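Reading through the structure tokens given below for one structure.
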2 protein chains.
Amino acid sequence: MASQTEENYLKSLFNLANEKNEVNISELATQMQVSLPTVNSMVKTLQKNGWLIYEKYKPVIITPEGKKVAALVIRKHRLTEMFLVNKMGFGWEEVHEIAEQVEHIHAPKFFERMDEMMGFPTIDPHGSPIPDAQGRIQEIKYLNLSDCKAGQVVKLAALTNSSTEFLEFLNGRNLRLGTELSILSKEAYDQSILISYLNHSSETLSEKVSEKLLVKLLD
Amino acid sequence: MASQTEENYLKSLFNLANEKNEVNISELATQMQVSLPTVNSMVKTLQKNGWLIYEKYKPVIITPEGKKVAALVIRKHRLTEMFLVNKMGFGWEEVHEIAEQVEHIHAPKFFERMDEMMGFPTIDPHGSPIPDAQGRIQEIKYLNLSDCKAGQVVKLAALTNSSTEFLEFLNGRNLRLGTELSILSKEAYDQSILISYLNHSSETLSEKVSEKLLVKLLD
DNA sequence: ATATTTTGTTAGATCAGTCTAACAAAATTG
DNA sequence: CAATTTTGTTAGACTGATCTAACAAAATAT
């Protein structure tokens, strides 16, 4: 069984992996906030457990087994976030830190029960998909708001970044998942986007913001 | 901040402490299921943190600070158990293992929210008191069923042992907290007790069982 | 294509938490 | 009270997860 530390490395590996399932050791070190030698020794440990393939001076390759372990931890994380929001009244900006701890709990029934109580949700409070109990993730492809054009009407579906600061920024503008946005115009100079929604007749979103918003085209 | 391991030692210390707050190192070793040298080195660590007083060859003495840390972990454990039973539909025999993990989560709001959702319960699913947010425990003194006499009518209020096996034994006899028991007779030879309750016109409880049941005298 | 920078490795140390073996003090018992 | 048992201590080792220092390979840039 993976230790909490190993689970965290696998999660990072999972998130950093490209199409070839490769991750550079230094990216992992940055992500995990540890030194390169620490990662070097940890990847050797992870390899012994069959969760990745390691060859000197090569990027590591996460194995299907490693991906499954990671996906199941991510499942627990996202179920927890959804439970905290839907059943315990937390705001979407408050749940990451708590879920980061709860995700390491070994108690299948606990998470099954959460899942059941929520009616088997498929996305978490930030629009990210919840892997199923087998560790499979249903990838949904959304549009980036920054790629949309004036005149389009879209619905806010997910975020590519869920930092507390960004979530609080969105809270301050009453932007939440499901909010329908009309794109009024797009500034050619800085790519900022003018939108209207709810009782906000016009709000400007910088590219820095719009590129973090994933949307679904309406009609 | 106490590590998970330290929290577990402090919990055991708290539970083993006598009126003088003293605990023998070997009792602690038995309770924690580790060797004596391990405890020996750990008590030195705990002393450095001010959670106990250690002198060679003397029982350790838990300090008020140590007791508070322990009580706050116990608070999280018991709130979690109650939440699992009352809000998530678990049986009282299923919650200990999960709470043993959840108790180490550092997220005050998470436990405050549980507390609030349950209306600030004062006891856990096994009748044990829940320490308050300052780590104070309101001790309630119950009678031991094994000390009761024929003719008395009592209400099951708490357990002195909450092992899964014992809880399953009680489940099998429909015995739960709040059940009113009439003591029909007591066998002088083996101290077994004959009781009636609900639709059970007569059940015998061995001393091994009755001494683990805490009751409140009715009238 | 050489020099420089970035990335990765090795060696060796540290800390937390654990162990066994050997021994010493305290408590118990005959 | 002496012998035995129980309890506690010390020394030394191990594992997991981390670090720094020194170095080596690979990638990049002049």
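Heavy atoms only: backbone and side chains are in, while hydrogens, waters and symmetry mates are out. Since we're looking at a predicted model, the values are computed, not measured. So that the names make sense, note that chain A is the first sequence line, chain B the second, and so on, each numbered from 1.
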**Message:** Tell me whether the side-chain N/O atoms of B/Y54 come closer than 4.0 Å to OP1 or OP2 in D/dT9.
**Reply:** yes
**Message:** Please report the distance, rounded to the nearest Å, between CG in A/L16 and C1' in C/dT7.
**Reply:** 16 Å
**Asked** Do any side-chain nitrogens or oxygens of B/S3 fall under 4.0 Å of OP1 or OP2 in C/dG17?
**Response** yes
**Item:** Donor-acceptor contact present, side-chain B/E187 to main-chain B/Y189, <3.5 Å
**Value:** yes
**Request:** Could you tell me whether the phosphate oxygens of D/dG16, OP1 or OP2, come under 4.0 Å of any side-chain nitrogen or oxygen in A/Y9?
**Result:** no
**Request:** Scan B/S26 against the nucleic acid and name what it touches under 4.0 Å (heavy atoms): base, sugar-phosphate only, or nothing.
**Result:** sugar-phosphate
**Message:** Under 4.0 Å between a side-chain nitrogen and a carboxylate oxygen: does that hold for A/E116 and A/R113?
**Reply:** yes
**Fill in**
Rounded to whole Å, the CG-P distance (A/N40 to C/dT9) equals 4 Å
**Item:** Minimum-distance nucleotide to B/K44 side chain [options: C/dT10, D/dT10, D/dT18]
**Value:** D/dT10
**Message:** Students often get this wrong, so: under 4.0 angstrom with heavy atoms, is A/T5 touching a base, only sugar-phosphate, or nothing?
**Reply:** sugar-phosphate
**Selected nucleotide, minimal atom distance to A/I25 side chain, candidates D/dA17, C/dT18, C/dT9** = C/dT9
**Asked** For the pair made of NZ in A/K58 and C1' in D/dA27, what is the distance, rounded to whole Å?
**Response** 15 Å
**Message:** Looking at C/dT6, I'd like to know if its phosphate oxygens (OP1 or OP2) sit under 4.0 Å from a side-chain N or O belonging to A/Y57.
**Reply:** no
**Distance (rounded to the nearest 0.5 Å) between A/N21 CG and A/L16 CG** = 12.0 Å
**Prompt:** Between A/K56 (NZ) and C/dT7 (P), how many Å, whole number?
**Reply:** 19 Å
**Message:** By nearest atom, which of the nucleotides D/dC19, C/dT20, D/dT18 is closest to the A/S35 side chain?
**Reply:** D/dC19
**Message:** Side chains of B/N24 and B/S26 only: does a donor on one sit below 3.5 Å from an acceptor on the other?
**Reply:** no
**Asked** Quick one: does NZ or CZ of A/K109 land under 6.0 Å from the six-membered ring centre of B/F90, within 45 degrees of the ring axis?
**Response** no
**Asked** Taking CD from B/E27 and C1' from C/dA26, how many angstroms apart are they, rounded to a whole number?
**Response** 15 Å
**Prompt:** When the distance from CD of B/Q33 to P of C/dC19 is rounded to whole Å, what number comes out?
**Reply:** 10 Å
**Fill in**
Regarding the side chain of B/M42, the nearest nucleotide among D/dT18, C/dG17, C/dT20 is C/dG17
**Gap between atoms CG and P, on A/L10 and D/dA17 respectively (whole Å)** = 11 Å
**Request:** Take atom CG of B/L36 and atom P of C/dA26, then tell me their distance rounded to the nearest Å.
**Result:** 16 Å
